[in-house]
Structures are given as C-alpha cells and as structure tokens.
Protein chains: 2
Amino acid sequence: MTIKRTPKRLKLGRKSVSELVVVRLILYRRILRDLAFSGTRYVFSHQLAALADVTPEQLRRDLMNVRYEGSPTRGYEVVVLEECIGAFLDPPTAQAVALVGVGNLGRALFAYFLGRRPLLQIVAAFDIDPAKVDRMINGCPSYHISEARTVMREKGINVAMIAVPAAAAQSVADTLVDAGVRSLLNFADVRLRLPPDVYVEHIDIGVTLEKVAFFARRPAAAEKDMGSP
Amino acid sequence: MTIKRTPKRLKLGRKSVSELVVVRLILYRRILRDLAFSGTRYVFSHQLAALADVTPEQLRRDLMNVRYEGSPTRGYEVVVLEECIGAFLDPPTAQAVALVGVGNLGRALFAYFLGRRPLLQIVAAFDIDPAKVDRMINGCPSYHISEARTVMREKGINVAMIAVPAAAAQSVADTLVDAGVRSLLNFADVRLRLPPDVYVEHIDIGVTLEKVAFFARRPAAAEKDMGSP
DNA sequence: TTTTGTGAAAGAGTTCACAGCC
DNA sequence: GGCTGTGAACTCTTTCACAAAA
C-alpha cells in the first residue's frame, strides 16, 4: 500500500559492502593463511565456516563479493581463495599507519605488528612525553605530537591509532584529522566527534568488559559471539 | 505459501535483550556519569543521543528496556536515569575478574581499570613467566597459570581476560573454562572454540586495523561508526 | 551423491510518524 | 510549540532451500 520510495545509500566505490562482510573476509583470509601454512590445499565451505565460527551459507554469501568460484567436488583452493580475498581487501599499495600514545597499550600495539602485516606498517609514533619523543621505538621514529602535521603529510599517512588517555583523545583526533587522516582506530574510552568523511572505529575496552560481565550471568542459553573487532 | 514455523530463540533471563542494546546502554551510562560529574541535571534524548552518536529514536527505544520514563518538558533526570540503567546492567554483587598474560597489553589493562569500575575488579593475574609470577602487580597478586583452577574457584571468579600470544590462547581458554569461567574477553587474534554455554567476546586488533585501513580508502561517502566494542 | 551459488523467506535492527503530554 | 514513548514501516543481515555442477 505504501508508495514510499527511499533510494538512499548509493554504492560506494565499486560495489557497496557492509562492514560486517569486510570483517569476516579479513577473518577468513587469516584462517586461509594458517591453512596454507599447515599445508592444506583445499577446504569446503563447512570446514572454513567452522573455523571462522559462522554458518556455511554465510561464508558462501560473503565470498560472493570476491571474484572466485569453488568447485563442488574439491571445495575452495586455499591459496587461490586467499589471493582473491586479498585482491578485494588490500590496498593497491602498502598503507602507512601512525600510532599516537606510546604507553603500555602503544607498546603492545607495536609488539602486535612486529613481523606480520607487511601491507600495514607503523611508520611514525607520537607522544607528548619528552622522554618518549625523538627516539626509535621498535625501529620506528617517535615525534612530539606537535610535529604530526608535518610528519604525516611527509610520509603520506592516512590511518592512525589513538592510544592516549581519554581526556586527550578528542584533541589528538582533531590534530590528526587536520593532518589529513582519513580513518582512525581509537582505543580511548570516549566517543570521538569528527567530520563525517572521517571513518572512526572505537575499540572500547571498558564497554566491552562490562558487556562480557553482563553476559556472564545469563541463565544458560547458548548465545553466539562474532563480536567486536 | 510456506507453512514454515521457526520458533527459535526463547527468551533468556527475564527479557531478551540484544548485545547491541546492552553495549549502547553501557555507553549511555558512561556519558550520563560524565554529565552528572559536570553538574548537568537534565538531558533531552536528542542531546544524549548526539553525545553517544546514535539517533534520538534509537536512544529512546533502548531506554524502553530500562524502567524509567522521561518528562516531555525537562527530558531525563541525569542521575536517576544513570541509576536505572545501572539497575538493569549491574550485577547484584561486584564481579571478580581474572587477567591472563601480564605483558604490555596486560599491564595496559591494569592501568585501564585503576580507580574506575568498582563493580569489576581484577583480583588475580596469571602468567607462565617465572619473573612475573608470585608478585603483586598494581595491588593484585599474580600466579602461575597452573594455579588457575584453585585460585579462581577460591575467589569465585567467573569472568576472565586473555592477553597472551595467539599460540597460547586456546589452551589458556580451555584451562579457564575448566576452572569455571562463564565469560571471556579474548585479545589474542585467534577465534576460540569453546562450549556453547561460555560467552566469548573477541577484541581482534589485527582484524579491526585492517578494517579501518580498508575503509580509509573509500570514495567520500559518509558512513557511520558505532563499531567494535 | 555432496557441494557450490543464489533467489526467496525469515529474522533483526533501525527509522518513521504520530498520539499523548507538558 | 517541543518533547517522550511506541506501533508500524522499512532496511539490513542471516538462513532456508533448491537448481546446477562435478
């Protein structure tokens, strides 16, 4: 009966993909890498789905976004599928990442990225503490935050991680956006207010732990996860 | 035409609430605390919604889960609403939390919980490194992981955070479940396979950064966030 | 057979739109 | 007027179920 029409959401880039699909594709690829490393040649959707903790139907639907078809007899060829997902996900060229805040969390992030992820490298760290500035940290130069604009333009950085105390996060984010950042990963437990063309992802540890504690006292009903990323 | 019937998902606890609603309620409460601290007495839904980066309609719908009604003239009374959300979210008694892995990330987590969150306290830390075991870390005793079962039973811990290398995470998780944990927050970048009555939340930093990097190179379409937690 | 890829249906979550109230 | 609470509509996501393939 309703004659409504809400066109909305014109495709972005080539074809519009939801964040949920992107996250799962990233996850599938990681699992495929492990499989390839352990010598597996082929996987069926139900096997890969089990490893990723999703249903086989969901996996297959997600893979429709990638240009690759499996064989009904052998399933998916591990390395080929991994490459096809990569072709979909990866930037044409490596992306440089900045890290702001070199406290415990910042150092943990450095440790995380040591060795892996050649396409995403932390190439600059920032802080305000004079003791942490103008040094090399895990092979990466650190600067005072006041130099952000210059350094980030120079190195062409457009992705940054914020690992500073909550009180400083908004001002740091403003500085980064001013320095040309397009996309942010924020670990401080404040919601950042930024221009709509900047993509922000919050990893809110406090909220997440409260959530986990909340669901720790449910009756006994099995509930699925597939949560944060 | 289809005569299908899929009853499914019987309510859990009192009334079934989705994870998304729980996360947002936790977020609203944090913002209400800040507002109360800064002396604000009343908020309208559109103000609180703006601070939480959701629509006013969504905020109001989320609040339907909480036993509290606002006034059309003054909006919501900050401290009262905060308390009502607390009554919904909080455990009847404080919850004890364990932390496994006292590396950089583990120490960052300690720093995170210093002072705040009186209802969620890290009361035991575990590691395998002899240098980190049988000491006090931020006022919290640390034990070898082999003592987990005893210590956790003794202290009645049923929530744990896993901050160990990926290779060790599954085995740690198995140990914890054996020790009676009902709910886990996992920071290692592996998907844990656990019995369905254990609630698991993954904070997968690698996946999340790849996601952020992916969305850093979108055309220019404004996309909302409200992501991981 | 068992598996893949995919329309179609179901289920979740969000937004619209309006009644009722101050 | 401007606000809240909420049924109804809408949109997004997942699951079902089946044709086609090897």
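Lettering follows sequence order; numbering is per chain, from 1.
In this structure, CG of A:Leu20 is placed 12 Å from P of D:dC12, rounded to the nearest angstrom. Rounding to whole angstrom units, CD of residue B:Glu19 and P of D:dT14 are separated by 13 Å. At whole-Å resolution of the value, CD in A:Glu69 and P in C:dT3 are 18 Å apart. The interatomic distance linking B:His46 (NE2) with C:dC16 (P) rounds to 17 Å, in whole Å. The CG-C1' distance, from B:Asp53 to C:dT14, rounds to 15 Å in whole Å. If you measure from atom OH of A:Tyr42 to atom P of C:dT3, you get 16 Å, rounded to the nearest angstrom. One can place CZ of B:Arg74 at 13 Å from P of D:dT4, the figure rounded to the nearest angstrom. In this structure, A:Gln58 atom CD and D:dT14 atom P are separated by 4 Å, rounded to whole Å.
Residue-to-nucleotide contacts include no donor-acceptor pair under 3.5 Å from the side chain of B:Arg61 to the base of C:dT14.
Side-chain N/O atoms of A:Thr55 include one lying less than 4.0 angstrom from OP1 or OP2 on D:dT15. Between B:Ser45 and the phosphate of D:dT4, there is a side-chain N or O to OP1/OP2 separation shorter than 4.0 Å.
Within 6.0 Å of CZ in A:Arg193 there are more than 12 heavy atoms belonging to other residues, nucleotides or ligands.
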Step-by-step side-chain contact (heavy atoms from CB on, under 4.5 Å) determination, A:Ile26 to A:Leu89: CA-CA 8 Å; A:Ile26 294 168; A:Leu89 290 175; 3.7 Å; yes
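Along DNA chain C, the nucleotide nearest A:Leu63 and the nucleotide nearest B:Pro72 are compared for position; the residue whose nucleotide lies closer to the 5' end is A:Leu63. When each of A:Arg60 and B:Gly75 is assigned the nucleotide of DNA chain D with its nearest heavy atom, B:Gly75 is the one assigned upstream, toward the 5' end.
Ion pairing between B:Asp62 and B:Arg24 holds under the 4.0 Å rule for side-chain N and carboxylate O.
For the residue pair A:Glu82 / A:Tyr68, no side-chain donor-acceptor distance below 3.5 Å is found, with atom types taken as modelled. Between the side chains of A:Tyr199 and A:Glu19, at least one donor-acceptor pair of N or O atoms lies under 3.5 Å.
Closest approach to the B:Thr73 side chain among D:dA22, C:dC22, D:dC3 is made by C:dC22 (side chain taken as heavy atoms from C-beta onward). Here the nucleotide nearest the side chain of A:Phe44, chosen from D:dT4, C:dT4, C:dC16, is C:dT4.
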